A.B. asks: 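Pasting a structure below so you can have a look.
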Amino acid sequence: MRLVALGDSTVEGLMDPDGDGGYVGWADRFAQALARRHPGLTYANLAVRGQTAREVHDTQLDRALELGPDVALLVAGVNDLLRPRLDRAALRETLLTMYRRLREQGTEVLTFTMPDMTRVAPLAVALRPRIRYLNRVVREAGASYGVVVLDLAEEPVAGHPAVWHDDRLHANTEGHRRIAAALAEAYGLDAEDWRSEPPESAAAGFGRIVGRELLWVAGHLAPWLWGRLRGHPYRVESGCKRPEPLPVAD
């Protein structure tokens, strides 16, 4: 059996460190769960941080199809939402094309919707209409092509601050663990509980909220915007972390 993951930084596993300078992530964790059911599983992760849906289509899809996976994990489109201008029709066409081509080859495809992030980052309310649009497209892929859609947008725990990294763009280790467990459950594998309410990770109160927002703007948002303005997108030039399908280590 073969598993291939494609997408952007969340698929790569950013902010779930492996202790050796790299990242684990929910895709790797799902691969471990799948390998327990299918011991001969091989797994490739083609994801590249910073890529838009079009870039995933142009640089990863053909390779994924060439590898002939039995199961694929595909999550893309969030980087499109962060750009000043969003071509909604183009994003929809690109995403549906990727889902369709994988399904036409007989691949089982898993993906998920994005949660409401306003509890994690109050300023994210500005992105809410774009996130809802992306989620509609993902659900359309489920209805049209039989993609397995984990609807995290409907799960309160998915938007809990305790499962997100301080950059508010990526899940932390606990978040990656829960996403992997949720995908395993959606695929019919044995899975640990992922819906339980995590402990509160930040103190409440208007003053503290304002303080946290200012720290986030200074420490994460401003450097990210400055890098974009200077033409330095958030990605690695060395490519994906697991270009070839390899056996999965426990």
Side-chain angles (χ1 to χ4, degrees), residues 3-14 25-27 30 44-117 124 126-155 158-159 169-171 175-176 179-180 182-183 186-187 228 233-235 239-240:
L3 169 68
V4 174
L6 56 163
D8 52 31
S9 56
T10 186
V11 185
E12 180 187 351
L14 252 65
W26 55 262
F30 175 81
N45 190 317
L46 309 179
V48 177
R49 68 187 71 171
Q51 286 200 338
T52 63
R54 187 74 230 177
E55 289 168 331
V56 173
H57 175 281
D58 292 347
T59 66
Q60 299 179 39
L61 179 61
D62 286 345
R63 176 57 178 158
L65 293 168
E66 180 183 307
L67 291 173
D70 301 284
V71 181
L73 304 169
L74 171 57
V75 175
V78 171
N79 287 312
D80 299 76
L81 308 186
L82 300 175
R83 294 195 164 193
R85 294 181 180 274
L86 174 64
D87 187 333
R88 297 189 176 207
L91 175 60
R92 174 181 176 273
E93 179 182 359
T94 300
L95 288 173
L96 292 182
T97 296
M98 288 194 286
Y99 290 123
R100 174 179 56 78
R101 290 187 62 193
L102 286 163
R103 291 292 292 136
E104 285 177 345
Q105 188 166 284
T107 302
E108 294 185 86
V109 182
L110 284 76
T111 189
F112 53 79
T113 58
M114 297 298 161
D116 187 338
M117 294 295 292
L127 290 175
R128 184 179 283 168
R130 292 186 173 193
I131 292 173
R132 287 176 174 170
Y133 179 77
L134 175 62
N135 288 344
R136 286 198 298 272
V137 174
V138 171
R139 294 185 185 112
E140 183 181 350
S144 298
Y145 306 124
V147 172
V148 177
V149 177
L150 170 64
D151 204 350
L152 291 180
E154 298 299 319
E155 297 288 347
L169 292 173
H170 303 95
H176 280 280
I179 293 170
L183 285 168
Y187 191 67
R228 287 289 174 130
Y234 187 49
R235 68 181 62 178
C240 60

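Computed from a predicted model, the values in this text were never measured in an experiment.
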A.B. asks: I'd like to check the side chain to side chain contact (heavy atoms under 4.5 Å, CB included) partners of Ser144; sequence neighbours left out, ordered by chain and number.
C.D. replies: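 Only Glu140 meet the side chain to side chain contact (heavy atoms under 4.5 Å, CB included) criterion with Ser144.
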A.B. asks: Are any non-hydrogen side-chain atoms of Leu3 and Phe30 less than 4.5 angstrom apart?
C.D. replies: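 Counting from C-beta outward, Leu3 and Phe30 do come under 4.5 Å.
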A.B. asks: With a 4.5 Å cut-off on side-chain heavy atoms, are Leu110 and Val147 touching?
C.D. replies: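 The answer is no; the side chains never approach within 4.5 Å.
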A.B. asks: Of all the heavy-atom pairs spanning Ala171 and Ile179, show the shortest one and how long it is.
C.D. replies: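 Heavy-atom minimum between the residues: CB-CD1, 4.3 Å.
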A.B. asks: Heavy atoms only: give me the nearest Val11-Ala47 pair and the separation to one decimal.
C.D. replies: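 Residues Val11 and Ala47, closest heavy atoms: CB-CB, 3.6 Å.
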A.B. asks: In chain order, what residues pass the salt bridge (charged side-chain N to carboxylate O under 4.0 Å, His left out) check against Asp58, with sequence neighbours excluded?
C.D. replies: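 Asp58 satisfies salt bridge (charged side-chain N to carboxylate O under 4.0 Å, His left out) with Arg54 once adjacent residues are dropped.
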A.B. asks: Which value, rounded to the nearest 0.5 Å, describes the distance between Thr107 atom OG1 and Leu102 atom CG?
C.D. replies: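 The OG1 atom of Thr107 sits 5.5 Å away from the CG atom of Leu102.
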A.B. asks: Could you tell me which residues satisfy side chain to side chain contact (heavy atoms under 4.5 Å, CB included) with Val78, sequence neighbours excluded, listed by chain and number?
C.D. replies: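 Scan of Val78 (side chain to side chain contact (heavy atoms under 4.5 Å, CB included), adjacent residues dropped) gives Asp8, Met114, Leu134.
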A.B. asks: So, taking the atom named NE2 in His57 and the one named CE in Met98, what distance separates them when rounded to the nearest 0.5 Å?
C.D. replies: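 Taking NE2 in His57 and CE in Met98, the distance rounds to 7.0 Å.
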A.B. asks: Tell me, which pairs form a ring pair (Phe, Tyr, Trp, His ring centres under 6.0 Å) where one or both residues lie in residues 98-117, sequence neighbours left out?
C.D. replies: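 Sorted pair list: Trp26-Phe112.
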A.B. asks: Can you sort out the partners of Val137 under side chain to side chain contact (heavy atoms under 4.5 Å, CB included), two or more places apart, ordered by chain and number?
C.D. replies: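 With neighbours one apart ignored, the set is Arg92, Leu95, Leu96, Tyr133.
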A.B. asks: Pairs of donor and acceptor atoms involving the side chains of residues 65-77, under 3.5 Å and at least two apart or interchain, shall be tabulated with distances.
C.D. replies:
unit_1	atom_1	unit_2	atom_2	d
Glu66	OE2	Arg63	NH1	2.6
Asp70	OD2	Arg2	N	2.8

A.B. asks: Can you list the residues that meet the side chain to side chain donor-acceptor pair (under 3.5 Å) rule with Arg103, with sequence neighbours excluded?
C.D. replies: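 Applying side chain to side chain donor-acceptor pair (under 3.5 Å) to Arg103 gives none.
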A.B. asks: Stepwise, does the side chain to side chain contact (heavy atoms under 4.5 Å, CB included) test hold for Glu104 with Tyr145?
C.D. replies: CA-CA 9 Å; Glu104 285 177 345; Tyr145 306 124; over 6 Å; no
A.B. asks: Nearest 0.5 angstrom please: Thr52 OG1 to Leu91 CG, how far?
C.D. replies: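 Rounded to the nearest 0.5 Å, the OG1-CG separation comes out at 9.0 Å.
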A.B. asks: Side chains of His170 and Thr10: donor-acceptor distance under 3.5 Å anywhere?
C.D. replies: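 Judged by distance alone, the side chains do not pair up.
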A.B. asks: Work out which heavy atom in Leu150 is nearest to a heavy atom in Ala182; give both atom names and the distance.
C.D. replies: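 For Leu150 and Ala182, the tightest heavy-atom pair comes out as CD2-CB, 3.4 Å.
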A.B. asks: Please list, chain by chain and in numerical order, all residues satisfying salt bridge (charged side-chain N to carboxylate O under 4.0 Å, His left out) with Arg130, sequence neighbours excluded.
C.D. replies: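 Counting only residues at least two positions away or on another chain, Arg130 forms no salt bridge (charged side-chain N to carboxylate O under 4.0 Å, His left out).
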A.B. asks: Could you pull out all residues at least two apart from Glu93 that satisfy side chain to side chain donor-acceptor pair (under 3.5 Å)?
C.D. replies: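 Per chain and number, Glu93 pairs via side chain to side chain donor-acceptor pair (under 3.5 Å) with no residue.
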A.B. asks: Would a 4.5 Å heavy-atom cut-off, applied to side chains only, mark Arg136 and Arg88 as touching?
C.D. replies: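 Arg136 vs Arg88: side chains touch.
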A.B. asks: Can you tell me how far CG of Leu61 sits from CG of Leu46, rounded to the nearest 0.5 angstrom?
C.D. replies: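 Interatomic distance, Leu46 CG to Leu61 CG, rounded to 0.5 Å: 10.0 Å.
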A.B. asks: Working to the nearest 0.5 angstrom, can you tell me the gap between Arg49 CZ and Cys240 SG?
C.D. replies: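 Nearest 0.5 Å value for the CZ-SG distance: 11.5 Å.
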A.B. asks: Please enumerate all residues that pass salt bridge (charged side-chain N to carboxylate O under 4.0 Å, His left out) together with Asp151, with sequence neighbours excluded.
C.D. replies: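 Arg139.
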A.B. asks: Would you call Arg100 and Val109 a side-chain contact if the rule is heavy atoms closer than 4.5 Å?
C.D. replies: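 They are not in side-chain contact.
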A.B. asks: Less than 4.5 Å apart, side chain to side chain, heavy atoms only: is that true for Asp116 and Ile131?
C.D. replies: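 No, too far: nothing below the 4.5 Å cut-off.
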A.B. asks: What closest approach, in Å, do Gly142 and Val149 show between heavy atoms, and which atom pair accounts for it?
C.D. replies: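 Closest pair (atom of Gly142, atom of Val149, distance): CA-CG2, 3.8 Å.
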A.B. asks: Using salt bridge (charged side-chain N to carboxylate O under 4.0 Å, His left out) as the criterion, list what pairs up with Arg132, not counting sequence neighbours.
C.D. replies: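 Counting only residues at least two positions away or on another chain, Arg132 forms no salt bridge (charged side-chain N to carboxylate O under 4.0 Å, His left out).
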A.B. asks: Does the side chain of Gln60 come under 3.5 Å of the side chain of Glu55 through a donor N or O and an acceptor N or O?
C.D. replies: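 No, because no side-chain N or O of Gln60 sits under 3.5 Å from a partner of the opposite role on Glu55.
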A.B. asks: If you take all heavy atoms of Gly239 and Val48, which pair is closest and at what distance?
C.D. replies: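 Taking Gly239 first and Val48 second, the nearest heavy atoms are C-CG2, 4.1 Å.
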A.B. asks: Asp80: which residues meet the side chain to side chain donor-acceptor pair (under 3.5 Å) condition with it, sequence neighbours left out?
C.D. replies: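 Asp80 satisfies side chain to side chain donor-acceptor pair (under 3.5 Å) with no residue once adjacent residues are dropped.
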